[in-house]
Enquirer: 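Got a structure for you, questions after.
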Amino acid sequence: MNKRTLLLGVLAALPILAQDGWKLRLNTGFMKSNVPSPFSLGSYYTSTASGTSQTGEYHTVFAEYGNHIPLGLNGSYRKGNNEFGLDIFHTSKKESNLWSVPDGYSGYGWAYPLPMTTETKLQSTVVDAKWTHHYPLGVNGSFTSSLGLRFGSFKHEVGMMPDMTNPSAANQFDTFSIYSKSEMYGLIAGFGYSYPFGAGWSVGADMNFAFLQGDHETIFNQHYFYSGNTYPHTYNNYSQKVKDQAAFQTDLHAHVDWQIANFVELSMGYRYIDYGKVTQLNLPWYNYPGIERNGGWGVTGLTAGVTFKF
């Protein structure tokens with residue numbers, strides 16, 4: 001092999017060698033809770049009679065879960081076209097609301113008369129250990145495929161109580177709460193594509209699918225006083241754990257990346273996460289008003305991140 005051939009071979013390998021090494025990525029964003037069938041709290045309505053006909057409005061009040069500011073951390077090592085990494089994603093949001101009946105309407109709540117106060121919480125922690133293979137396409141960007149293991153912990157809480165903006169000695173203790181959680185394990189697989197469109201700029205999209213299995217636990221608590229008196233009072237407590245429940249998850253992330261230096265890259269994008277039925281309620285009464293049994297939820301919204309390469 002002559003010197004010219006050796007030099008050309010080294011120059012051709014430099015783009016690959018330059019990608020070898022460690023990466024540390026920090027992510028955050030502003031994401032909205034996505035609960036397809038939220039907990040029903042009650043209703044308010046109005047009706048107007050005119051001769052033999054009757055018209056009116058009817059509105060159902062649903063629990064609200066607020067907006068999340070998630071935190072993500074990814075560490076990986078790449079050698080050639082193979083990359084091994086650990087990805088941690090955590091989000092948690094607690095939301096409090098006061099629900100009243102608008103003027104001109106009549107209303108009621110499932111657990112307490114309106115107005116009432118609600119507290120909700122959605123929390124997730126997902127840990128992925130993945131192997132990613134890169135397929136360089138030259139000026140056409142790169143394609144990736146990935147395979148790995150996922151651990152997930154998920155919580156969904158709903159609490160109701162009388163109007164706590166005007167508390168009394170009795171209703172300070174009146175509570176009705178449902179708490180559902182799961183810890184699940186399984187497989188994750190995905191693919192992605194990135195296309196360069198300018199000096200240091202690229203646009204890409206990643207799609208991941210996960211199939212998890214684990215245990216659901218549901219805890220129900222009810223504590224209330226009779227007729228506003230201090231005593232007597234009633235406790236209702238119930239808990240149940242159901243094993244070997246399954247959840248199918250999807251995660252779509254579209255992003256624009258800007259490499260501002262050899263060792264720093266910024267990114268912004270949009271992400272949609274569906275965790276599936278990870279907090280499905282398991283209660284003995286199937287027709288209790290307001291009980292949301294599906295248990296599916298996720299988050300969606302804007303993301304921002306910075307990657308350090310060394």
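Side chains are part of it too, since the values below use all heavy atoms of this structure and drop only hydrogens, waters and symmetry mates.
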Enquirer: Using every non-hydrogen atom in the two residues, find where Pro136 and Asn81 come nearest and quote the distance to one decimal.
Expert: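 Between these two residues, the closest heavy atoms are CG-OD1, 3.6 Å.
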Enquirer: Would you say that Trp131 contacts Asn82 through its side chain, given a criterion of any heavy-atom pair below 4.5 Å between the two side chains?
Expert: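 Yes. Closest side-chain heavy atoms under 4.5 Å.
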Enquirer: Using only heavy-atom distances, determine whether the side chains of Tyr238 and Thr218 contain a donor-acceptor pair under 3.5 Å.
Expert: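 No pair is found: no donor N or O on one side chain lies under 3.5 Å from an acceptor on the other.
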Enquirer: Apart from Leu187 itself, which Ile, Leu, Val, Met, Phe, Trp or Tyr residues share its cluster (side-chain heavy atoms under 4.5 Å, direct or through members)?
Expert: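 Reading the cluster by chain and number, Leu187 sits alongside Leu149.
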Enquirer: Test of understanding: with side chain to side chain contact (heavy atoms under 4.5 Å, CB included), list the residues that count as partners of Phe197, not counting sequence neighbours.
Expert: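 Once residues adjacent in sequence are excluded, the partners of Phe197 under the side chain to side chain contact (heavy atoms under 4.5 Å, CB included) criterion are Tyr195, Trp201, Val203, Val256.
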Enquirer: Tell me which pairs pass salt bridge (Lys or Arg N to Asp or Glu O under 4.0 Å) where either residue lies in residues 248-263, with sequence neighbours left out.
Expert: Asp251-Arg271
Enquirer: Passes side-chain contact (heavy atoms from CB on, under 4.5 Å), Tyr105 versus His59? Steps please.
Expert: CA-CA 10 Å; Tyr105 291 82; His59 301 272; 4.1 Å; yes
Enquirer: Are Phe209 and Tyr193 grouped together when hydrophobic residues (ILVMFWY) are joined by side-chain heavy atoms under 4.5 angstrom apart?
Expert: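 Hydrophobic grouping puts Phe209 with Tyr193.
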Enquirer: Is there side-chain contact between Met207 and Phe191, with at least one heavy-atom pair below 4.5 Å?
Expert: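 In contact.
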Enquirer: Would you name the heavy atoms of Ala189 and Leu147 that are closest together and state the gap between them?
Expert: CB-CD1, 4.0 Å
Enquirer: To the nearest 0.5 Å, what is the distance between CD (Glu119) and OG1 (Thr175)?
Expert: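 That separation rounds to 10.5 Å.
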Enquirer: Distance from Leu86 atom CG to Asn74 atom CG, nearest 0.5 Å?
Expert: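 Spacing of CG (Leu86) from CG (Asn74) equals 7.5 Å.
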Enquirer: Inspect the surroundings of CZ in Phe263 and state if more than 12 heavy atoms from other residues, nucleotides or ligands are less than 6.0 Å away.
Expert: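 Count not over threshold, so no.
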Enquirer: Minimum heavy-atom separation for Pro36 and Trp297, please, with both atom names.
Expert: CD-CA, 4.3 Å
Enquirer: Between Leu26 and Ile260, is there shared hydrophobic-cluster membership here, with clusters defined by ILVMFWY side-chain heavy atoms closer than 4.5 Å?
Expert: yes
Enquirer: Among residues at least two apart in sequence or on other chains, which ones pass salt bridge (Lys or Arg N to Asp or Glu O under 4.0 Å) with Glu83?
Expert: Lys23
Enquirer: Side-chain contact, heavy-atom cut-off 4.5 Å: Val126 with His90?
Expert: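 Val126 vs His90: side chains apart.
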Enquirer: Minimum heavy-atom separation for Ile219 to Ser239, with atom names?
Expert: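 So the minimum-distance heavy-atom pair works out to CG1-CB, 4.0 Å.
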Enquirer: So, for Phe62 and Ser40, which heavy atoms are closest and what is the spacing to 0.1 Å?
Expert: CD2-CA, 3.9 Å
Enquirer: Are side-chain heavy atoms of Leu24 and Phe310 found at a separation under 4.5 Å?
Expert: yes
Enquirer: Please step through side-chain contact (heavy atoms from CB on, under 4.5 Å) for the pair Met31 and Leu302, ending with a clear verdict.
Expert: CA-CA 6 Å; Met31 308 183 79; Leu302 301 177; over 6 Å; no
Enquirer: Hey, could you give me each pair passing salt bridge (Lys or Arg N to Asp or Glu O under 4.0 Å) that has a residue in residues 99-117? Not counting sequence neighbours.
Expert: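 Every pair satisfying salt bridge (Lys or Arg N to Asp or Glu O under 4.0 Å) with a residue in residues 99-117: there are none.
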Enquirer: Does one side chain, of Thr279 or His216, offer a donor that lies under 3.5 Å from an acceptor on the other?
Expert: no
Enquirer: Mind checking whether Tyr44 and Tyr58 have side chains closer than 4.5 Å, heavy atoms only?
Expert: no
Enquirer: Using a 3.5 Å distance criterion without hydrogens, assess whether the side chain of Arg78 forms a donor-acceptor pair with backbone atoms of Gly80.
Expert: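 Yes: the side chain of Arg78 pairs with the backbone of Gly80.
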Enquirer: When rounded to the nearest 0.5 angstrom, what distance separates CD1 in Ile273 from NE2 in His68?
Expert: 10.5 Å
Enquirer: Rounded to the nearest 0.5 Å, how far does OG of Ser100 lie from CE of Met116?
Expert: 10.5 Å
Enquirer: Quick one: do Tyr179 and His156 satisfy side-chain hydrogen bond (donor to acceptor under 3.5 Å, both in side chains)? Show the steps, please.
Expert: CA-CA 6 Å; Tyr179 172 81; His156 181 176; over 6 Å; no
Enquirer: Which residue pairs satisfy the side-chain hydrogen bond (donor to acceptor under 3.5 Å, both in side chains) criterion with at least one member in residues 137-154, sequence neighbours excluded?
Expert: Asp128-Arg150, Tyr135-Ser145, Arg150-Gln249
Enquirer: Side chains of Glu157 and Thr120, heavy atoms from C-beta outward: is any pair under 4.5 Å?
Expert: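 Side chain of Glu157 against side chain of Thr120, heavy atoms only: no contact under 4.5 Å found.
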Enquirer: Would you confirm whether Ser182, through its side chain, and Val278, through its main-chain N or O, come within 3.5 Å as a donor-acceptor pair?
Expert: yes
Enquirer: Is a side-chain donor-acceptor pair under 3.5 Å present for His255 with Tyr270?
Expert: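 No.
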Enquirer: Just wondering, more than 12 heavy atoms not from Lys93 lying within 6.0 Å of its NZ?
Expert: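 Yes, the 6.0 Å shell around NZ holds more than 12 heavy atoms from other groups.
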Enquirer: Apply side chain to side chain contact (heavy atoms under 4.5 Å, CB included) to Asn237 and list each qualifying residue two or more places apart in sequence or on a separate chain.
Expert: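 With neighbours one apart ignored, the set is Asn221, Tyr235.
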Enquirer: Do Tyr108 and Val101 have side chains that get closer than 4.5 Å, going by heavy atoms?
Expert: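 Sidechains of Val101 and Tyr108: no contact.
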Enquirer: Roughly how far, to the nearest 0.5 Å, is the CZ atom of Phe39 from the CG atom of Asn294?
Expert: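 Here the interatomic distance stands at 13.5 Å.
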Enquirer: Using the six-membered ring wherever Trp is involved, compare the ring planes of Tyr185 and Phe151 and label them parallel, tilted or perpendicular (cut-offs 30° and 60°).
Expert: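 Tilted: the ring planes of Tyr185 and Phe151 meet at 30° to 60°.
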Enquirer: If every non-hydrogen atom of Gly305 is compared with every non-hydrogen atom of Asn27, which pair is closest and at what distance?
Expert: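 Shortest heavy-atom contact: CA-OD1, 3.8 Å.
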Enquirer: Indicate, with yes or no, if Val264 and Trp22 share a hydrophobic cluster defined by side-chain heavy-atom contacts under 4.5 Å among Ile, Leu, Val, Met, Phe, Trp and Tyr.
Expert: yes
Enquirer: For the OH atom of Tyr272 and the CG atom of Leu252, what is their distance to the nearest 0.5 Å?
Expert: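 One gets 9.5 Å once the value is rounded to the nearest 0.5 Å.
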Enquirer: Verify, without hydrogens or angle tests, whether Thr28 (side chain) and Pro70 (backbone) share a donor-acceptor contact under 3.5 angstrom.
Expert: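 Yes, because the side chain of Thr28 sits within donor-acceptor range (under 3.5 Å) of the backbone of Pro70.
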Enquirer: List for me each residue that meets side-chain hydrogen bond (donor to acceptor under 3.5 Å, both in side chains) alongside Ser202, sequence neighbours excluded, and say none if there are none.
Expert: none
Enquirer: Please write out which residues are connected to Leu98 in a hydrophobic cluster, directly or through intermediates, given that two of Ile, Leu, Val, Met, Phe, Trp, Tyr count as joined at side-chain heavy-atom separations below 4.5 angstrom.
Expert: none
Enquirer: Do Tyr275 and Ser124 have side-chain heavy atoms sitting under 4.5 Å apart?
Expert: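 Side-chain contact under 4.5 Å: yes.
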Enquirer: With Thr118, which residues qualify under side chain to side chain contact (heavy atoms under 4.5 Å, CB included), at least two apart?
Expert: Leu41, Asn97, Trp99, Met160
Enquirer: Is there any salt bridge (Lys or Arg N to Asp or Glu O under 4.0 Å) pair reaching into residues 188-217, and which pairs are they, with sequence neighbours excluded?
Expert: Lys181-Glu217, Asp215-Lys243
Enquirer: The criterion is side-chain hydrogen bond (donor to acceptor under 3.5 Å, both in side chains); which residues satisfy it with Gln123, sequence neighbours excluded?
Expert: Ser92, Lys121
